[in-house]
Colleague: 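Please find one structure pasted underneath; my questions will follow.
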Amino acid sequence: MAILTNLKAKNMEPGSSSLPHGGIEGLTLHPSAKLKGHGKWVLRYTSPVTGKRRLAGLGTYPEVSIADAAKKANTMREAISKGLDPLVEKEAEKQREKPPSFAEAAIRVHDELRHGWKNPKHQQQWLNTITQYAVPKIGNLTLDQLQPHHFANVLRPIWLIKAETASRLRQRLHAIMAWGWAHGFCTSNPVDVVDHLLPTQPGKAARTIHHPAMPWRIIPAFWQQHLTEEDYDSSRAILKFIILTASRSGEARGMIWSEVDFDNAIWTIPSSRMKAKMQHRVPLSPAALKIVQKQRDLGSEFVFPSVRSKKQLTDMTITMLLRRLEAASDTEGRLATTHGFRSSFRDWCSENSYPRDLAERALAHTVQNKVEAAYHRTDLLEQRRPMMDKWAEYVSGSQPKSMADMIKTSNTVGALSKSKLIRAK
């Protein structure tokens with residue numbers, strides 16, 4: 001059978017017989033009822049799915065040329081040979097989920113990821129940064145519409161002045177688009193190349209903000225002034241315990257009775273509550289153990305519960321205590337933070353010639369060298385115990401009566417002004 005030509009198609013009379021393509025089985029051109037040289041392409045085939053005869057429209061002539069109609073028909077014939085019904089597949093394609101808007105995708109990604117995050121504060125911050133910086137600018141665009149310049153416009157206002165926030169936001173934007181790519185809503189991740197549209201950020205060292213820490217030499221005076229038995233309450237109890245153990249706030253606030261071995265004076269923090277996801281054992285000094293024993297009568301699963309609810313204390317409880325006590329720090333204009341006492345302890349270890357390995361293990365820091373970490377199977381618990389006992393004796397021992405006395409007699413805090421240490425303004 002001869003292949004249909006343009007000349008023959010252009011001369012079709014309205015209402016005349018359909019013209020077979022001649023090169024593809026079942027492909028015909030049906031003349032228009034009113035216009036000469038116009039018609040509709042139809043592919044007739046037997047569905048491999050239902051076994052019934054079907055007619056598939058491929059567009060109109062001359063808008064769809066003879067060659068284009070042949071390509072479409074060939075593609076459909078290939079699908080049929082594989083046991084697929086082209087019309088069924090086309091309908092299924094229509095039913096497939098359309099790309100969501102960026103705002104919708106952000107909520108879905110957050111909902112899927114948050115179950116793996118232990119910190120509720122992080123869960124909230126993750127979505128808050130997206131809602132604050134990204135949604136107002138690109139929230140209504142669907143994932144397949146987003147390009148690198150969209151994300152550059154989101155990040156640019158904070159890229160240099162809030163570099164740390166911008167870096168975290170970029171990671172979250174990347175996670176959302178990676179999710180979209182994995183689900184077939186977009187063909188690439190435009191956040192991968194957004195750096196090429198933005199200026200170079202300051203180095204991490206330049207933008208790292210350390211937690212304000214109380215100089216270790218004035219902690220004994222601070223302890224005598226504010227953390228004595230006469231001033232005892234739940235918030236002071238946990239602050240004292242955090243200082244004595246050099247632990248993180250969350251680790252102490254989440255401490256439960258089953259983690260305490262009173263016979264051996266050991267606090268074992270499970271991996272699920274550790275930043276590095278590795279179990280950590282803390283040797284409890286007599287002073288630390290005494291604080292824990294005093295908490296037994298509070299009737300809660302937590303060692304340091306909220307007085308009212310008997311549930312876990314919030315981080316703000318300790319922060320507010322430090323503010324009320326005007327806890328001095330080594331940072332101009334800022335008060336000491338709970339986390340900063342870990343830095344104070346670390347400085348004390350160095351100044352008193354304790355081995356680096358003991359100090360780092362007391363802080364539960366991860367060994368950065370992978371080879372070294374593979375061979376370090378011991379946590380040096382018993383070697384750490386004398387160090388923690390000495391630290392406890394130091395911070396709670398007999399010291400000058402006031403902070404002012406300590407500042408005057410300390411050689412190392414000479415560079416820090418009395419007003420800055422006593423009252424951060």
Side-chain angles (χ1 to χ4, degrees), residues 164 204-227 235-253 275-276 280 282 285 287-288 313 315-356 358-366 384 387-388 390-397 399-400 402-425:
E164 193 63 35
K204 188 172 182 179
R207 66 176 193 258
T208 298
I209 300 176
H210 297 288
H211 294 276
M214 181 176 290
W216 64 272
R217 282 187 168 83
I218 68 170
I219 293 179
F222 174 78
W223 185 288
Q224 283 196 2
Q225 236 180 358
H226 301 296
L227 303 179
S235 57
R236 281 178 167 81
I238 192 171
L239 177 58
K240 290 169 66 174
F241 185 79
I242 287 172
I243 294 173
L244 292 173
T245 57
S247 57
R248 296 181 178 90
S249 170
E251 295 163 5
R253 289 184 293 107
K275 182 178 181 180
H280 179 54
V282 180
S285 63
L313 276 174
D315 191 36
M316 186 53 65
T317 301
I318 312 173
T319 299
M320 292 303 295
L321 172 63
L322 290 171
R323 290 176 183 176
R324 290 197 306 272
L325 301 181
E326 298 183 338
S329 85
D330 54 6
T331 303
E332 183 68 46
R334 298 194 58 189
L335 297 172
T337 62
T338 312
H339 197 84
F341 285 104
R342 287 166 56 82
S343 176
S344 307
F345 166 76
R346 186 64 181 85
D347 289 343
W348 174 85
C349 290
S350 296
E351 293 281 355
N352 287 274
S353 303
Y354 283 101
R356 177 183 182 279
L358 288 184
E360 290 297 295
R361 286 181 181 278
L363 293 169
H365 283 166
T366 305
R384 285 189 279 127
M387 177 178 69
M388 301 311 294
K390 285 294 183 182
W391 167 247
E393 291 172 7
Y394 171 73
V395 298
S396 61
Q399 299 295 330
S402 69
M403 278 248 197
D405 290 338
M406 178 58 74
I407 294 169
K408 290 176 182 178
T409 57
S410 172
N411 294 325
T412 54
V413 248
L416 301 172
S417 68
K418 176 180 176 181
S419 61
K420 175 180 161 186
L421 284 170
I422 295 297
R423 187 182 185 87
K425 295 182 179 180

Colleague: Which residues pass the side chain to side chain donor-acceptor pair (under 3.5 Å) test with Asp315, sequence neighbours left out?
Modeller: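 Partners of Asp315 under the side chain to side chain donor-acceptor pair (under 3.5 Å) test: Ser249.
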Colleague: So do the side chains of Leu322 and Leu335 get within less than 4.5 Å of each other, counting heavy atoms only?
Modeller: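 They are not in contact (no side-chain heavy atoms under 4.5 Å apart), so the answer is no.
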Colleague: Tell me if a side-chain donor or acceptor on Asp330 pairs with a main-chain N or O of Ala213 at a distance below 3.5 Å.
Modeller: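 A pair under 3.5 Å: yes.
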Colleague: Thr245: which residues meet the side chain to side chain donor-acceptor pair (under 3.5 Å) condition with it, sequence neighbours left out?
Modeller: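 Side chain to side chain donor-acceptor pair (under 3.5 Å) check on Thr245 returns Ser247.
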Colleague: Do Arg346 and Glu360 come close enough that some side-chain heavy atom pair is under 4.5 Å?
Modeller: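 Result yes, sub-4.5 Å side-chain heavy-atom pair found.
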Colleague: Under 3.5 Å, is there a donor-acceptor pair between the side chain of Ser344 and the main chain of Gly340?
Modeller: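 Yes, because the side chain of Ser344 sits within donor-acceptor range (under 3.5 Å) of the backbone of Gly340.
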Colleague: May I ask you to test the Leu325-Arg236 pair for a side-chain heavy-atom distance under 4.5 Å?
Modeller: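 The answer is yes, as the side chains (C-beta and beyond) meet within the 4.5 Å cut-off.
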Colleague: For Ser235, what residues pass the side chain to side chain contact (heavy atoms under 4.5 Å, CB included) criterion, not counting sequence neighbours?
Modeller: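 Expected list: Asp233, Thr317, Leu321, Arg324.
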Colleague: Can you name the side chain to side chain donor-acceptor pair (under 3.5 Å) partners of Thr319, sequence neighbours left out?
Modeller: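 Scan of Thr319 (side chain to side chain donor-acceptor pair (under 3.5 Å), adjacent residues dropped) gives none.
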Colleague: Taking C-beta and beyond as the side chain, do Trp223 and Ile243 meet within less than 4.5 Å on heavy atoms?
Modeller: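 Touching, per the 4.5 Å side-chain cut-off.
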Colleague: With Phe345, which residues qualify under ring pair (Phe, Tyr, Trp, His ring centres under 6.0 Å), at least two apart?
Modeller: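 Phe345 satisfies ring pair (Phe, Tyr, Trp, His ring centres under 6.0 Å) with Trp391 once adjacent residues are dropped.
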Colleague: Look up atom CG in Leu313 and atom CD1 in Ile318, then write down how far apart they are to the nearest 0.5 Å.
Modeller: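 Output value for this atom pair is 6.5 Å.
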Colleague: In chain order, what residues pass the side chain to side chain donor-acceptor pair (under 3.5 Å) check against Arg248, with sequence neighbours excluded?
Modeller: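 Applying side chain to side chain donor-acceptor pair (under 3.5 Å) to Arg248 gives Glu251.
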